[in-house]
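Working notes for the structure below.
The first residue in the sequence is number 1, and the count goes up from there. Ligands are counted one by one from 1 in listed order, and the atoms in each one are counted from 1 as well.
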Amino acid sequence: MILLSCSSNHCSLSSNVMASAAAPSTILKSSSIFPHLGWGRRRRSCNLPSINRGVSKSTVAYYGLRSPPYKLDALEPYMSQKTLEVHWGAHHRNYVEALNKQLEKNDILYGCTLDELIRLTYNNGNPLPEFNNAAQVWNHDFFWESMQPGGGEMPKLGLLEQIEKDFGSFDNFKDKFIEAALTSFGSGWVWLVLKREKRCLAIVKTSNAINPLVWNDIPIISLDLWEHAYYLDYKNDRAKYVNTYMNHLVSWNAAAARMARAQAFVNLGEPKIPVA
Ligand SMILES: [Fe+2]
């Protein structure tokens, strides 16, 4: 992870070694495979995407595929329905199914929340085989909720004030976020996070499946930089994709709600971040 910026005096530059992502498989387990679900095991219904309706309605697995909080065509024309069908309906689904397949073989990991599973399998920088799929499931859930129809523009009130406090201005934040996305090599993510100890916002970029939970940061927004996120709509033009996300897709409403919750754990003093 590279901590890129927080212009306040609280934050400093740091770096960490990345882990690599594993290729997901696509086998979905049915309830008949888990006849003895016992103490601590998670048994969740998979939410099948609309594109596959009619195939199966009651598949049971350890973790389910959560739907984006909007219809698959709701982000048009900035992110196409086709991209959502492939990115969410295939890639995200594959991470869920691959994770469930791995968990079938590892009793010690039963009973964790997804957050706990990510921290546990990150294993202090020596990731277990389940880490990449677990993190990618969480990353995509978070990413879908980092966007909204009619997104972009500017955050409001307390969140804007906190950004201005930590980055100097909203424009400076925006420039640094975009720069981080464009200088990130290969597949990965860029995040706006709240640093617990330093009590400030910062931009970090992570490689492959790694996310800020492993360093105990609180994610506020994220942008998926894997090519599967933008290739159908923007081909190899990552700059156009990143600028479109910032100008038309990012959900400052979701960011404000996350900041409001984060203040239960991090004392930011004033301003308080209101829920939108
Ligand atoms: Fe993705």
Hydrophobic cluster identity match, Phe177 and Phe185, side-chain contacts under 4.5 Å: no

Option passing ring-ring contact (aromatic ring centres under 6.0 Å, His included) with Phe131 (candidates Tyr122, Trp138, Tyr95): Tyr122

Parallel, tilted or perpendicular, as decided by the 30° and 60° cut-offs, for the rings of His228 and His140: tilted

Atom pair CZ (Arg119) and CG (Asp115), whose distance is rounded to the nearest 0.5 Å: 5.5 Å

Residues forming a ring pair (Phe, Tyr, Trp, His ring centres under 6.0 Å) with Tyr230, sequence neighbours excluded: Tyr241

Residue pair Trp189 / Gln136: nearest heavy atoms and the distance that separates them: NE1-OE1, 3.2 Å

Nearby protein N/O/S atoms (those under 2.8 Å) for the Fe ion (ligand 1), with water ignored: His87 NE2, His140 NE2, Asp224 OD2, His228 NE2

